[in-house]
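Each chain gets a letter, A, B and so on, in the order its sequence line appears, and its residues count up from 1.
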Amino acid sequence: MAKTSSSGSNMRHDPEDESIGTCLVEWFCRNQRPLPWRRHYDPYAVWISETMLQQTQMTKVVPYFERWMDRLPNVRAVAEASLDELLQLWEGLGYYSRVRHLKKAADIILARYGGQIPSDEKALRRLPGIGDYTAAAIASLAFGRDVPVLDGNAQRVTARLLDWEKPVEDSHTKKAFQQALRRWMPPGRAREFNQAVMELGSMVCAPRRPACDACPVFSWCRAYAAGTVPHRPVKTRRLAAEQVTVAVAVLHDNGNVFIQKRPPGGLMAGLWEFPGGKVEEGESPEEAVKRELCEELGVTVKLLGKIAEIRHAVTRFRIRLHAFRCVLDPSGQIPTLRSAVEALWVPPAFLDRFAFPSANRRLIRILQEHSGLDL
DNA sequence: AACACGTGGTA
DNA sequence: TTACCAAGTGT
């Protein structure tokens with residue numbers, strides 16, 4: 001044991017001491033939260049949960065995971081489902097390309113692996129939507145392979161244990177962290193160890209207000225010893241936020257409203273939305289709606305009134321969305337699509353059957369609260 | 001290497 | 001309110 005004692009009564013350990021791994025595993029076994037995907041570690045369930053968890057809070061994922069597993073219990077069900085149905089199950093979770101990848105990967109797993117998710121990290125890594133993190137997560141959690149996972153939590157925990165001063169974005173850092181984690185991992189305990197590191201990162205070694213008092217491995221932590229915990233990890237790049245104003249139309253005709261489907265490939269690909277667009281410099285939201293509907297759909301409209309102003313954020317854009325109730329003026333015009341792939345006139349009550357971006361969904365809820373007043 | 005890709009919580 | 005941040009992947 002490579003322990004050294006400090007001058008005081010506390011034992012101080014070094015991160016090179018591999019007993020840190022055993023300590024983390026024991027802590028996890030006592031403190032882990034009961035989660036639906038921690039019941040059986042079925043490869044399919046691990047794949048779906050890990051994909052949902054990419055850049056997404058665990059508390060948000062749980063209900064989506066339960067609903068998905070009820071509806072789509074295996075790989076074949078995903079391959080046979082329509083993209084529209086998958087998007088509906090995903091609505092609100094964000095990063096919708098994950099769904100498209102899930103479906104593509106399901107097709108490959110059926111065709112090439114007989115419906116069995118591969119256990120080999122290299123084979124997993126080749127599947128769409130599975131990067132370094134998810135490949136390692138499936139290989140270790142579902143198949144017991146001794147490979148370390150390095151997600152945002154593991155990165156933060158490792159940066160603090162090592163008191164890593166270089167920016168974690170550096171290409172060298174990732175390798176170094178994976179090697180450190182691999183050294184700490186007790187042989188045969190990858191499932192518990194990997195989850196221990198991530199669970200510790202989310203519950204104890206948090207980005208803000210880390211609970212070092214409650215940390216099972218603080219005595220191994222170089223940043224704790226140095227008092228630099230709040231300054232780790234060091235990060236460099238930062239994107240500037242951009243303010244955007246958008247105006248959309250809830251276009252009514254014969255008791256229906258007009259919705260259109262976004263093209264594949266870009267932002268919110270395959271989701272439905274209300275027509276509209278960016279409000280240009282020196283233009284009012286009202287003018288923008290009229291212009292956008294003329295440009296996008298080739299129709300002229302009359303504004304009946306404002307429905308709501310919604311503030312939200314999409315990637316690095318801060319958006320103010322103005323929504324107006326409109327009718328075709330003159331009536332009887334037929335919209336022609338420009339950027340959208342598909343469009344539909346639907347009764348407001350049917351809006352729940354389509355996948356919308358979250359700001360549009362909020363607008364729909366407002367619409368439905370007001371329904372009966374002026375539809 | 002750096003940026004696109006969603007969303008909602010926190011300070 | 002603005003700004004940062006969170007269980008990443010693809011290009």
Side-chain angles (χ1 to χ4, degrees), chain A residues 28 32-33 35-38 46-65 87 90-102 104-105 124-138 140-141 148-158 167-174 181 194-203 205-210 230 233-244 262-271 273 310-321 355-362:
Chain A
F28 178 72
Q32 65 174 298
R33 292 166 291 183
L35 296 171
W37 50 86
R38 284 180 179 164
V46 172
W47 174 40
I48 299 303
S49 60
E50 290 301 338
T51 301
M52 287 184 169
L53 286 164
Q54 291 166 9
Q55 300 287 285
T56 310
Q57 297 285 5
M58 195 212 60
T59 51
K60 177 150 196 181
V61 166
V62 171
Y64 282 87
F65 175 80
L87 281 169
W90 208 269
E91 188 195 282
L93 223 37
Y95 290 124
Y96 299 97
S97 64
R98 291 184 286 179
V99 179
R100 198 175 295 272
H101 291 144
L102 234 25
K104 280 186 190 161
L124 287 164
R125 188 64 183 75
R126 279 186 234 114
L127 293 168
I130 298 186
D132 288 344
Y133 166 76
T134 308
I138 296 173
S140 61
L141 305 199
V149 295
L150 186 55
D151 70 336
N153 286 130
Q155 181 186 71
R156 184 172 55 259
V157 169
T158 307
V168 288
E169 290 87 358
D170 287 8
S171 54
H172 168 65
T173 302
K174 185 168 180 175
L181 289 161
N194 282 340
Q195 292 188 95
V197 174
M198 295 189 286
E199 191 90 333
L200 187 79
S202 71
M203 303 298 288
C205 195
R208 287 177 278 217
R209 300 173 174 275
V234 175
K235 297 191 176 186
T236 49
R237 69 164 192 277
R238 201 156 292 175
L239 298 134
E242 205 172 311
Q243 178 82 234
V244 180
R262 296 180 59 85
L267 186 69
M268 318 277 188
L271 274 70
E273 66 179 5
I310 295 172
R311 293 171 183 215
H312 67 119
V314 178
T315 66
R316 70 191 172 87
F317 299 98
R318 291 184 38 74
I319 300 172
R320 279 179 144 83
L321 184 151
F356 286 88
S358 78
N360 276 256
R361 180 56 70 194
R362 271 200 269 161

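Within the nucleic acid shown, M268(A) comes within 4.0 Å of sugar-phosphate atoms alone, with no base atom in reach, counting heavy atoms only. Within the 4.0 angstrom heavy-atom criterion, only backbone atoms of the sugar-phosphate kind lie near S358(A); the bases stay farther away. R126(A) comes within 4.0 angstrom of nothing in the nucleic acid, heavy atoms only. Nucleic acid contact class of H312(A) (heavy atoms, under 4.0 Å, all strands): none. Among the atoms of the strands shown, none is found under 4.0 Å from any heavy atom of R361(A). Contact annotation for R100(A): no contact, since no heavy-atom pair falls under 4.0 Å across all strands. As judged by a 4.0 angstrom heavy-atom cut-off over every strand, G92(A) is placed among residues touching the sugar-phosphate backbone only.
Each of dG8(C), dA3(C), dG6(B) was ranked by its minimum atom distance to the side chain of Y133(A); first place goes to dG8(C). Among the nucleotides dT7(B), dT9(C), dA6(C), the one closest to any side-chain atom of Q54(A) is dT9(C). Between dG6(B), dG8(C), dC5(C), one nucleotide has an atom nearer to the side chain of Q55(A) than all others, and that is dG8(C). With dA3(C), dT9(C), dG6(B) as the choices, the nucleotide that has an atom nearest any side-chain atom of A241(A) turns out to be dA3(C). For R125(A), the listed nucleotide lying nearest its side chain is dG10(C); candidates were dG10(C), dG8(B), dT9(C). You'll find that the side chain of T134(A) is closest to dT9(C), out of dG6(B), dT9(C), dG8(B). Out of dT9(C), dC5(B), dA6(C), the shortest distance to the side chain of Y95(A) is found at dC5(B).
In this structure, R362(A) atom CZ and dG6(B) atom C1' are separated by 12 Å, rounded to whole Å. Rounded to a whole Å, the NE2 atom of H172(A) is 17 Å from the C1' atom of dA1(B). At whole-Å resolution of the value, CE in M58(A) and P in dT7(B) are 20 Å apart. Look at CG on L102(A): it is 13 Å from C1' on dT9(C), rounded to the nearest Å. Rounded to a whole Å, the CD atom of E169(A) is 11 Å from the C1' atom of dA1(B). Look at CZ on R320(A): it is 7 Å from P on dT2(C), rounded to the nearest Å. One atom, CG of L321(A), and another, P of dT7(B), lie 12 Å apart when rounded to the nearest Å. The distance from atom CZ of F317(A) to atom P of dG6(B) is 12 Å, rounded to the nearest whole Å.
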Derivation and outcome, side-chain hydrogen bond (donor to acceptor under 3.5 Å, both in side chains), residues E169(A) and T236(A): CA-CA 7 Å; E169(A) 290 87 358; T236(A) 49; 3.1 Å; yes
Check against side-chain contact (heavy atoms from CB on, under 4.5 Å), E199(A) and C205(A): CA-CA 9 Å; E199(A) 191 90 333; C205(A) 195; over 6 Å; no
Verdict with reasoning, R311(A) to I319(A), per side-chain contact (heavy atoms from CB on, under 4.5 Å): CA-CA 6 Å; R311(A) 293 171 183 215; I319(A) 300 172; over 6 Å; no
Verdict with supporting geometry, F65(A) and L53(A), side-chain contact (heavy atoms from CB on, under 4.5 Å): CA-CA 10 Å; F65(A) 175 80; L53(A) 286 164; over 6 Å; no
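Of the P atoms belonging to dT2(C) and dG6(B), the separation is 23 Å, rounded to the nearest Å. dG8(B) and dT1(C) are spaced 16 Å apart, taking the C1' atom of each and rounding to whole Å. For the C1' atoms, the distance from dA1(B) to dA6(C) is 22 Å, rounded to whole Å.
Heavy-atom minimum distance, L87(A) versus G270(A): CD1-O, 3.5 Å. Closest approach of R100(A) to A269(A), counting heavy atoms only: NH2-CB, 3.6 Å.
Applying the salt bridge (charged side-chain N to carboxylate O under 4.0 Å, His left out) criterion to K60(A), with sequence neighbours excluded, gives no partner residue. Annotation: salt bridge (charged side-chain N to carboxylate O under 4.0 Å, His left out) contacts of E273(A) (sequence neighbours excluded): R262(A).
Between R98(A) and D170(A), the one whose closest nucleotide on DNA chain B sits nearer the 5' end is D170(A). Each of L35(A) and G129(A) was matched to the nucleotide of DNA chain C holding its nearest heavy atom; the match closer to the 5' end belongs to L35(A). Residue R318(A) is the one, among R318(A) and H101(A), whose nearest nucleotide of DNA chain C lies closer to the 5' end (criterion: closest heavy atom). Mapping S171(A) and A313(A) onto DNA chain B by nearest heavy atom places S171(A) closer to the 5' end of the strand.
Using a distance-only test at 3.5 Å, with no hydrogens or angles considered, no donor-acceptor pair links the side chain of R208(A) to the main chain of P230(A).
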Protein-nucleotides 9-11 of chain B N/O pairs closer than 3.5 Å?
unit_1	atom_1	unit_2	atom_2	d
dG9(B)	N2	R208(A)	NH2	3.4

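Note on R156(A): a side-chain N or O is less than 4.0 Å away from OP1 or OP2 of dA6(C). Between K174(A) and dG8(C) there is no side-chain N or O to OP1 or OP2 distance below 4.0 Å.
Note: W90(A) and Y64(A) fail the aromatic proximity criterion, with ring centroids not under 6.0 Å apart.
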